[in-house]
Amino acid sequence: MNPLLSAEQAVLGSVLLDPNQLSRLDWLAPDHFYRPVHQALFGALRKLRSDGHPAVGADGPVPLSWVTDAVDEAGLHVRGLTAVYAHTLTQACPRPEHAPVYGRMVLEGAIHRTVAQHAIRLHQVARADALQGEVEGALRSADVLAGVLTDLARRWGTDPRPVPPAAAPATIPPPVRADQVAEDERFLLAVLAEQPRAMDEVVAWLRPGDFADPGHEQLYRCLGALHHRGEPIDRITLLWEAQRRGLLADGSLSGEQLTAICDSVGAGSAEWLGERVMRSSLTRTAAASARAVRVLAEDEVLVPGPLINHALHALGPLDEVRARWETANGRPAPKTPASAPSPDGPPPARVHAALTRSTPQPAPPPPARTGPRPAPAAARPPSRATSDAPQRPAHR
């Protein structure tokens, strides 16, 4: 038995048996359901409630028209729904009063599904941008994914914040255009080795990790070290720096590889070549982040809170590369506005969503006092428990 399918049937069955349960499911939307017939039926039930159906708020048995009208309304948007299936849904609901818990299960499945879908979309766009030498599509898809994660966190009733997972998800490095990327990297390294002042054009925003080839990455580290110490850069000093770092001994670099790069034509713009290398780094990082988010979303053990926060953490490397990309192009990276806490407490929708996951605990009895008798109730300020301000519930 599929737990998610059972939860969707139980939610709909509870509302068909008790229309007043809809007031406890305001945070649940039709698109949170996986099956289209369930989406249409839940949307129809919400529409009947907003239209003032007589079954909503009425005392006594639920009239049959509540079921038939819901089936008729849903039938306008989906085919194959019959009154027989509606009655099957009522039998699939153990207890109508448990509707918020069933709805939470549906929301959990929707969060996993939504995060996975947007991660797949980001990966596809990043791969397409890598083939076309573009980055804008990947950046837009990353913004959409980050916005979706923030919205899902608020629906779940928690604060979106990047949190690293206990164990990093295992992902396969995305394939790259090895020929074109490696050629750009070799040309850039040749220019940096040939032109003394070329490092000044890229050192502020280009990092060794932006190179796809491990040998090119190590050679750029050597160039950066020489530039940082103010030492001259040429074939001999590069070879000496590589030897001091143990790169020749462990096979990370070879003398022939370094000589081939230094003997290449070192004419060209280091800034332009550096931007090409960084463009490739950005699309690779976007694809890698998308893969990590998808692995997290497909982990059924993760509850939505940690899933969202781990996914935001997986997007961190892309944010870092993007900030340097914007610096290289002379424009500031877009900043995500931080949501300031409301002076009146968290929004009611978040409180409502969180309450569906929290079991209210009875307040402990006040300790016995041996001092003077307390003042009358009229003379005391209202306690926090009786305040009208919404209190933020404890999350599990």
Enquirer: Verify the cluster assignment for V56 and L28: are they in a single hydrophobic cluster under the rule of side-chain heavy atoms below 4.5 Å apart?
Expert: yes
Enquirer: Any side-chain heavy-atom pair from R140 and E136 closer than 4.5 angstrom?
Expert: yes
Enquirer: Less than 4.5 Å apart, any side-chain heavy atom of L188 and any of L206?
Expert: yes
Enquirer: I'd like to check M199 versus I233 (side-chain heavy atoms, cut-off strictly below 4.5 Å). Are they in contact?
Expert: yes
Enquirer: Backbone N or O of P232 within a donor-acceptor pair of the T237 side chain at under 3.5 Å?
Expert: yes
Enquirer: Ion pair present between R322 and D143, side-chain N to carboxylate O less than 4.0 angstrom?
Expert: yes
Enquirer: May I ask you to say whether D263 pairs ionically with R235, meaning some side-chain N is under 4.0 Å from a carboxylate O?
Expert: yes
Enquirer: Could you tell me whether a side-chain N or O of E201 sits under 3.5 Å from a main-chain N or O of E271, the two making a donor and an acceptor?
Expert: yes
Enquirer: Tell me, do R79 and V37 make a side-chain contact under 4.5 Å, heavy atoms counted?
Expert: no
Enquirer: Inspect the contact between R229 and E241 and indicate whether a charged nitrogen and a carboxylate oxygen are less than 4.0 angstrom apart.
Expert: yes
Enquirer: Flag yes if more than 12 heavy atoms outside E298 fall under 6.0 Å of its CD atom; otherwise flag no.
Expert: yes
Enquirer: What I want to find out is whether R279 reaches D129 closely enough, with some N-O distance under 4.0 Å, to be called a salt bridge.
Expert: no
Enquirer: Quick check: do H313 and P165 have side-chain heavy atoms less than 4.5 Å from each other?
Expert: yes
Enquirer: Hey, any chance V115 and Y34 share a hydrophobic cluster, counting ILVMFWY side chains that come within less than 4.5 Å of each other, even indirectly?
Expert: no
